[in-house]
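Structure first, commentary second.
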Protein chains: 2
Amino acid sequence: MSFPPHYRTPRARSRVEAAGAESRAKAVRVAIELFSTAGYRGTSIALVAEKAGLSQSGLLHHFPSKAALLMAVLEHRQAEDSRFLTGNDDRPPLGWAAFDALTGLVARNSQRPELVGLFVRLSAEAIEPAHPAHSWLSDHYTSTRSWLTDAIQAGQNSGEIHPDAPVTALVRLTVAVLDGLQQQWLLDPDSIDMVGEFTTFVAGLRAQWHLTPDRS
Amino acid sequence: MSFPPHYRTPRARSRVEAAGAESRAKAVRVAIELFSTAGYRGTSIALVAEKAGLSQSGLLHHFPSKAALLMAVLEHRQAEDSRFLTGNDDRPPLGWAAFDALTGLVARNSQRPELVGLFVRLSAEAIEPAHPAHSWLSDHYTSTRSWLTDAIQAGQNSGEIHPDAPVTALVRLTVAVLDGLQQQWLLDPDSIDMVGEFTTFVAGLRAQWHLTPDRS
DNA sequence: GTCTATATTTTGATAGAC
DNA sequence: GTCTATCAAAATATAGAC
């Protein structure tokens, strides 16, 4: 629900402005859908325009370039799925609760193939430093890892996660599992139960690193 | 070392034939390098030709289409890295030895960023059913999973892996970890030790599912 | 805000000479 | 086997009317 500032105008919007905002929003939705299957490079702005009911130039009125359209898409995605992990506006889940939150994220993702496809496609494309989404991708991984690292360390401090747990490796592996399951799921959605597999993974972690809270 | 049949001619090759084979091989090497960073869609055959020291038409003499070039690349990769897991020409490793073999594969991959990049890029691109490498990708996952499934079940039968181990999930998770670690490694190679992380993963599996062989 | 028209590049592929 | 020349299509982007 967080739109760019200039769309939350306090005064009433004219018909034209409303139509403009709708065109823009529809273009972003269409772009997500197309980027998620054909990727950024594989999608032409002409096709986005067509499916959004606009001419190519009409689309480029809202987004000065294709890269600008991609940025709008990324912002929209971040808005849509953000604060799912960090908690709505309370504090982020800590310790094992963080893994439960991740499980919830997987459950939500398994009903949103477009968002998963978008992420998987862009993750591969944007490895290239010159890609317009490269720094977005780097930031995504950095912040995800930092979020999970903090949560695990908090769990160690509170005594629910074993102090010997290899934090860095657990973070890397958890992120890898999330990404890897998405890849397999996209390739053949019916053959794999992402939530089930991730739950199994977390159960293994708990079996190895869980500690009963010790209030000495 | 397994080249397509028509390159293992028993008779001596003429100069022209030898030059032709070299151009072709060089083109494949260059294509791997470019596909691995810019992807298939993001790489023009003109650029491949230039870096291979050929004109565009000269390249297209060897590969009638861009898709044909991709196929040659995939065959080359399969030849290069194949039989690493299935054993050189003896039987494939079974039980925990399969995971050790995978660790070896990770170690080898961490010295071949081009091959890893190629795979990661194509894995994302070729999710699309219309992509020329789509069925190659499906086959890759199917055969990898089947290889690992067989190895784990053999380990259960021989008594070194716990019979309650959830085979399907372990296979899915192991493949996910392999893929996911590669993604993170490509994005920032120096920040992650793929072999170390994968070893930690396998150690966790052993801790949970290892059984001392029981010769009752 | 949206359109038509157009400019410019790039791309994959073909024809035909050597 | 390799090259030059060329084509047709597609893609990003701009100019300017309404």
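Here the structure is a predicted model, which is why all the values come from computation and not from measurement. Any value given below was found using the heavy atoms of this structure, including those in side chains, with hydrogens, waters and symmetry copies removed. Each chain gets a letter, A, B and so on, in the order the sequences are listed, and its residues count up from 1.
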Q) Do A:Asp100 and A:Arg206 sit within salt-bridge range, that is, some charged N less than 4.0 Å from a carboxylate O? A)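 So A:Asp100 pairs with A:Arg206 through a salt bridge.
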Q: Using a strict cut-off of less than 4.0 Å between a Lys/Arg side-chain nitrogen and an Asp/Glu carboxylate oxygen, indicate whether B:Glu128 and B:Arg41 qualify as a salt bridge.
A: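 Looking at B:Arg41 together with B:Glu128, the answer is yes, because their closest N to O distance falls below 4.0 Å.
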Q: Could you tell me whether A:Ile45 contacts a base, only the sugar-phosphate backbone, or nothing, with contacts defined as non-hydrogen atoms closer than 4.0 Å?
A: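 Answer is sugar-phosphate: A:Ile45 comes under 4.0 Å of backbone atoms only.
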Q: Please work out if B:Ser55 contacts a base, only the sugar-phosphate, or nothing of the nucleic acid, heavy-atom cut-off 4.0 Å.
A: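 Since a base atom lies under 4.0 Å of B:Ser55, the category is base.
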Q: Return no unless some side-chain N or O of A:Ser23 is found under 4.0 Å from OP1 or OP2 of C:dT2.
A: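 Indeed, a polar side-chain atom of A:Ser23 lies that close.
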I need the [atom1]-[atom2] distance between [X] and [N], as an integer number of Å.
{"X": "B:Tyr40", "N": "C:dT11", "atom1": "OH", "atom2": "P", "value": "13 Å"}
{"X": "A:His61", "N": "C:dT4", "atom1": "NE2", "atom2": "C1'", "value": "16 Å"}
{"X": "A:Leu60", "N": "D:dG16", "atom1": "CG", "atom2": "P", "value": "17 Å"}
{"X": "B:Glu50", "N": "D:dT2", "atom1": "CD", "atom2": "P", "value": "17 Å"}
{"X": "A:Lys66", "N": "D:dA11", "atom1": "NZ", "atom2": "P", "value": "9 Å"}
{"X": "A:Arg24", "N": "C:dT2", "atom1": "CZ", "atom2": "P", "value": "12 Å"}
{"X": "B:Gln56", "N": "C:dG12", "atom1": "CD", "atom2": "C1'", "value": "7 Å"}
{"X": "B:Phe63", "N": "C:dT14", "atom1": "CZ", "atom2": "C1'", "value": "18 Å"}

Q. Does B:Ser57 make a side-chain donor-acceptor contact with the base of D:dA5, cut-off 3.5 Å?
A.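 Counting by modelled atom types and ignoring angles, a donor-acceptor contact under 3.5 Å is found here.
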Q: Classify the side-chain pair A:Arg172/B:Ser191 by whether it contains a donor and acceptor separated by less than 3.5 Å.
A: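 A:Arg172 vs B:Ser191: donor-acceptor pair found between side chains.
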Q) Picking from D:dT14, C:dT11, C:dA13, which would you name as closest to the side chain of B:Ser44? A)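 Selected nucleotide: C:dT11.
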Q) Which residue pairs satisfy the salt bridge (Lys or Arg N to Asp or Glu O under 4.0 Å) criterion with at least one member in residues 64-73 of chain A, sequence neighbours excluded? A)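 Counting only pairs at least two positions apart or across chains, no salt bridge (Lys or Arg N to Asp or Glu O under 4.0 Å) contact touches residues 64-73 of chain A.
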